[in-house]
Amino acid sequence: MLDINLIRKDPEKVKNALLKKIDNVDFAELLEWDKQKRDLTHKVESLKARRNEVSSLIPRLKKEGKDVTEQLSEMKKVSDTIKDLDSELERTSDKITEFLNGMPNIPADDVVAGGKENNRVISEWGNKPQPSFTPKDHMTLAVSLGLIDYDRGVKMGGNGFWLYKGKGAILEWALLNYFVASHLEDNYEFILPPHILINQCGYTAGQFPKFADDVFRIEADDKKESTHFLLPTSETALINFHRDEILKEEELPKKYFAYTPCYRKEAGSYRASERGMIRGHQFNKIEMFQFTTPENSDKALDELIFKAEKLIKGLGLHYRVSKLAAQDCSASMAKTFDIELWIPSMNEYKEASSCSNAHDFQSRRGNIRFKRTDTGKNELVHSLNASGLATSRLFPAILETYQQSDGSIIVPEVLRPYTKFDKIV
RNA sequence: GGAGAGAUGGCUGAGCGGUCGAAAGCGGCGGUCUUGAAAACCGUUGUAGAGCAAUCUACCGGGGGUUCGAAUCCCUCUCUCUCCGCCA
């Protein structure tokens, strides 16, 4: 959520920053409500002060045996007025909240305006594989080697699902183990969160209310509104780890990582080119997460990108890093870098990790603060997340990159301690 | 799933419908004492909003109600704990 104080102080500045991300912004109405809210607050609070004053006077007068009917009838009126003003105040506050809930995060100063076309590749690593034979695509390889079973996956989960089997499952699990070992090495704390979350979690993360349709809702009993949903990424869980908490400055940064499958509707996003395992309703991902002080969040983002790159380098896969333009960052994020893997058969780079700094956007929604040691004041933390990593893009990249002329796959060295085999035939 | 108990400040735990933002203890912070520390003693100690400020307002799980006035009474929801049943 945006900071209303920022808008109050310099609406033009906030507006110009937001215009990098959305087509138009008009704060006129909001500022009007905001003013109205403060007027009402002032009015209702002085009435309450009056009520408190007389309410403590009444028992004293009674004790002295004096008549209090006059006070009682005045207070009756005052109380009625308070009730009216309070509900008006609530309506105004709701309008403000609703408005702010609809606003995306303010892009960081160094994030450029516009959509995908303005994304900028800032680095590349490795080379595209140049096989001396005609390479196969990952679907063909996965099926012929018995690693992925698409037909049976669909039999169980319906369209958009697959299953891993045999050495495919082992390879998938090896990837996850490789990531876990790396994060533990770097002293990130391992979290295995619930996969079914309450709606508040989606709100804190910034997915609700605007993007509530992108996730699988858990149907409620009788006709009540659904209260739970399947997490679309463990970020949604992790941001809520410290919800409504006040951390100590010296315990920041807090560094976590979690493994969960990610469940997404991906409604209407089916594309023939993304068959295979590029896009499904469920995929495995390990997510890194940090809570930091505002002054340290940029540094933390660098660290997360470095860690994600380290994992891919270890696998020897060709990738590039892009800095996203404002519109390509998700609503909650101020700045995002994507790490994209080269998928030979698609002749394209596909996102394997998205590394973002949300600034205080999520922590304001989740009321996640820390106490400054020197001033004793509470401030909102900054939150950051980065995939480390999603396997659904890695698996295809590995198959296609490490395929041999005889159709076998060489297992990247870093995974062999976990697979216990070095070749898939 | 059945039965019961409960939800109060960082923690433990009192609380009569009328100065209760809330006793007490612990913890934290500051001080006295001490070569230093401990102990002891004294003081202090929540969050948020409005206002230039003095100050005011709200918050005792959430929401609603009764009342001039609610932590305290009523309704409702959520959560936690105990016991029984079931179960990986």
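Letters go in sequence order (proteins before strands), and every chain restarts at 1.
Remark: A/Arg217 qualifies as a cation-pi partner of A/Phe208 under the 6.0 Å distance and 45° angle criteria applied to the six-membered ring.
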Nucleic acid footprint by protein, nucleotides 47-57 of chain B - heavy-atom cut-off 4.0 Å, B for base, S for sugar-phosphate alone: SSBSS----BB

How does each nucleotide of nucleotides 62-67 of chain B score, in 5' to 3' order, for protein heavy atoms under 4.0 Å: base (B), sugar-phosphate only (S), or none (-)? ----S-

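On the C1' atoms, B/G21 is 15 Å away from B/U72, given to the nearest whole Å. For the C1' atoms, the distance linking B/A7 with B/G62 amounts to 11 Å, nearest Å. With P as the reference atom, B/A22 and B/U34 are 37 Å apart, rounded to whole Å. Distance check on atom C1': B/C16 versus B/G51 gives 36 Å, rounded to whole Å. Rounded to the nearest Å, the gap between the C1' atom of B/G6 and that of B/C60 is 14 Å. Taking atom P on both B/U8 and B/C81, the two are 14 Å apart, rounded to the nearest angstrom. Remark: the separation of the C1' atoms in B/G63 and B/U55 is 31 Å, to the nearest Å. Rounded to whole Å, the C1' atom of B/G85 lies 7 Å from the corresponding atom of B/G2.
No hydrogens or angles considered: a donor-acceptor pair under 3.5 Å links the side chains of A/Asn240 and A/Thr204.
A/Arg264 places a side-chain heavy atom less than 4.5 Å from the side chain of A/Phe283. Using a 4.5 Å cut-off on side-chain heavy atoms (C-beta onward), A/Asn118 and A/Asp328 make no contact. Side chains of A/Arg50 and A/Glu53 form a contact here, defined as non-hydrogen atoms less than 4.5 Å apart. Between A/Ile410 and A/Asp422, the closest side-chain pair of non-hydrogen atoms is not below 4.5 Å. Looking only at side-chain heavy atoms (C-beta outward), A/Lys307 and A/Lys255 stay at 4.5 Å or farther from each other. Using a 4.5 Å heavy-atom cutoff, the side chains of A/Leu389 and A/Ile339 are not in contact.
When the C1' atom of B/G10 is taken as reference, atom CG of A/Leu247 falls 14 Å away, rounded to whole Å. Between A/Asp86 atom CG and B/C59 atom C1' there is a gap of 14 Å when expressed in whole angstrom units. Nucleotide B/A58 holds its C1' atom 11 Å from the CZ atom of A/Arg51, rounded to whole Å. Here the P atom of nucleotide B/G69 and the NZ atom of A/Lys77 are 14 Å apart, to the nearest Å.
Put simply, the side chain of A/Asn177 gets close to the backbone of A/Trp173: a donor and an acceptor are under 3.5 Å apart.
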Just to be sure I follow the notation: if a pair is Watson-Crick (purine N1 to pyrimidine N3 plus N6-O4 or O6-N4) or a G-U wobble (N1-O2 and O6-N3), each under 3.5 Å, what dot-bracket string does RNA chain B give, with | for pairs to another strand? ((((((((.[[[..)..(.....]]]((((((.......))))))(((((....))))).[[[[[..)....]]]]])))))))....

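The aromatic ring centres of A/Phe291 and A/Phe241 sit 6.0 Å or more apart.
At B/G69, one or more side-chain N or O atoms of A/Ser79 fall inside 4.0 Å of OP1 or OP2 (strictly under the cut-off).
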